[in-house]
There are 2 protein chains.
Amino acid sequence: MTTASPTPTRTRRNRRAEILEAAARLFAARGFHGVSIEDIGGAVGVSGPALYRHFDGKDALLSEMLLDVSSRLRESAVTVVTTAAAGPEEILDALLDVQIEFAIEHPALITVHDRELGNVPEPARRQIRRLQRLYVEEWVTVLAELHPAAPAARLRAATHAVFGLLNSTPHSAGELPAQDMRPMLHAMARAAIAAAVR
Amino acid sequence: MTTASPTPTRTRRNRRAEILEAAARLFAARGFHGVSIEDIGGAVGVSGPALYRHFDGKDALLSEMLLDVSSRLRESAVTVVTTAAAGPEEILDALLDVQIEFAIEHPALITVHDRELGNVPEPARRQIRRLQRLYVEEWVTVLAELHPAAPAARLRAATHAVFGLLNSTPHSAGELPAQDMRPMLHAMARAAIAAAVR
DNA sequence: CACGGATGTTAGTCATCATTAACCTCATCG
DNA sequence: CGATGAGGTTAATGATGACTAACATCCGTG
């Protein structure tokens, strides 16, 4: 037990995170295949093949990135839904807040997440799809509770539309300060949902 | 004047359009750099370098695709705005219908249009950006007429959010028949806009 | 009917890129 | 102090892919 350090060294943790962040930015700007290993290394001050000390390869890097995003979102949703001591209205508000916060804080990840799934190799792709589906279903379940008369397909399509609305942050970057953006997106989404099931 | 045929032969027109369509589908699925010239040729039954009989290269193909989309959208907007014999409410409805129709009929083009601008080489990129900006401004102008008190930045961010909502069609493909999708998106967008300026 | 242009084809060519190999350095820890 | 392992480095290697060349076909027209 003397040799096993319970946590990786600080350096390694930082470098990995640094790489993931830089890669997200680059992938969002030029697409997965438009970015080279050299580009990514360069963005964090090391050169090219140093990446392989931290990831199994470019594919693995993308897989981990998307897996991380989809699990984080899914987990937040589960937490919100299960720990809420309140009714579906409040749960929906909380779901909206989680997604809005993520979209504002991590626009590059949002972009990559719904752009590059097609480039993830098969073992991971299935898992990411699964997490995404589960995330959508959390929303649909809450919406169904609020609007029992609405068909599930309609709620699902409306949910995708709301995601599109909330995930517009990469396009309106800098237009509006986050303080104004958050409540505006929340209000727009709420109104859109109400209109979808009317 | 005997030699100059005023319109290209029918074959050429068809092949060009075919190629553009297939390329759009492929780019939407795997990204610009994830698709090879061979892939595109193969998708229309010719092989690889035949492309160069119709386009100057892969970059030129993408440029033309995005230029076409952004001019078509922009032109429809101009037409709607200038030919309308009605008030801003009706104009907004018409703008929504145009965008919804396009998003439902051409999901692949919508996807490529807001994904691949970063891969368009410089002469064309500026022009596409310009057309996109003008398109947004058509919307903002109409919205400003309806809600004179709202700051332009807010209207612009709201417009981007509405585009995100409407352009969610590639994600909810098949969830809902187009007949139901159209009015639902229209209602959601309308409600979202109203909420944005409240 | 011969010719020219439009459209394809196949076989290079030349870059770029992911990945691997072989080798360095240095901090930690026994 | 010396071994060891984490994290880098540069130089192959092997694919892949955009683009070009050289050569075929076919069709409409003078």
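Basis for what follows: all heavy atoms, side chains included, without hydrogens, waters or symmetry-related copies. The chains referred to below are lettered A, B, ... by the order of the sequence lines, with proteins before strands, and numbering in each begins at 1.
- Within the structure, ring pair (Phe, Tyr, Trp, His ring centres under 6.0 Å) pairs that include any residue of residues 60-96 of chain A do not occur (at least two apart or interchain).
- Look at CG on Leu51(A): it is 13 Å from P on dT20(C), rounded to the nearest Å.
- Counting to the nearest Å, the P atom of dT16(D) and the CZ atom of Arg30(B) are 14 Å from each other.
- One atom, CD1 of Ile40(B), and another, P of dA18(D), lie 8 Å apart when rounded to the nearest Å.
- Summarising the geometry, the separation between CG on Asn14(A) and P on dA6(D) is reported as 17 Å, rounded to the nearest angstrom.
- Taking CG of Asp56(B) as the start and OG of Ser63(B) as the end, the distance is 10.0 Å to the nearest 0.5 Å.
- Checking dG8(D), dT9(C), dT7(C) against the side-chain heavy atoms of His54(B) singles out dT7(C) as nearest.
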Going by atom type alone, with no hydrogens or angles, which donor-acceptor pairs under 3.5 Å involve a side-chain atom of residues 136-146 of chain A and a protein atom two or more places apart or on another chain?
| unit_1 | atom_1 | unit_2 | atom_2 | d |
| --- | --- | --- | --- | --- |
| Glu137(A) | OE1 | Arg156(A) | NH1 | 3.1 |
| Glu137(A) | OE2 | Arg156(A) | NH1 | 2.6 |
| Trp139(A) | NE1 | Tyr135(A) | OH | 3.4 |
| Thr141(A) | OG1 | Glu137(A) | O | 2.7 |

Acceptor/donor pairs from residues 168-180 of chain A side chains to any protein atom, 3.5 angstrom cut, sequence neighbours excluded:
| unit_1 | atom_1 | unit_2 | atom_2 | d |
| --- | --- | --- | --- | --- |
| Ser168(A) | OG | Leu165(A) | O | 2.8 |
| Thr169(A) | OG1 | Ala103(A) | O | 2.8 |
| Ser172(A) | OG | Ser168(A) | O | 3.4 |

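- Residue pairs that meet the side-chain hydrogen bond (donor to acceptor under 3.5 Å, both in side chains) test with at least one member in residues 20-32 of chain A, sequence neighbours left out, are Arg30(A)-Asp39(A).
- Taking only side-chain nitrogens and oxygens, Arg15(B) comes nearer than 4.0 Å to OP1 or OP2 of dG8(C).
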Under 3.5 Å, which protein N or O atoms sit close to an N or O of nucleotides 17-19 of chain C? Give each pair with its distance.
| unit_1 | atom_1 | unit_2 | atom_2 | d |
| --- | --- | --- | --- | --- |
| dA18(C) | OP1 | Val35(A) | O | 3.3 |
| dA18(C) | OP1 | Lys58(A) | NZ | 2.8 |
| dA18(C) | OP2 | Ile37(A) | N | 2.7 |
| dT19(C) | OP2 | Tyr52(A) | OH | 2.6 |
| dT19(C) | OP2 | Lys58(A) | N | 2.9 |
| dT19(C) | O5' | Tyr52(A) | OH | 3.0 |

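- Note: CG (Leu62(B)) to P (dA18(D)) measures 13 Å, nearest angstrom.
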Listed pairs under 3.5 Å, donor-acceptor, residues 147-155 of chain A side chains, sequence neighbours left out:
| unit_1 | atom_1 | unit_2 | atom_2 | d |
| --- | --- | --- | --- | --- |
| Arg154(A) | NE | Ala196(A) | O | 2.7 |
| Arg154(A) | NH2 | Ala196(A) | O | 3.1 |

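- If you measure from atom CZ of Arg53(B) to atom P of dC19(D), you get 15 Å, rounded to the nearest angstrom.
- When rounded to the nearest whole Å, the span between CD of Glu18(B) and P of dG8(C) equals 9 Å.
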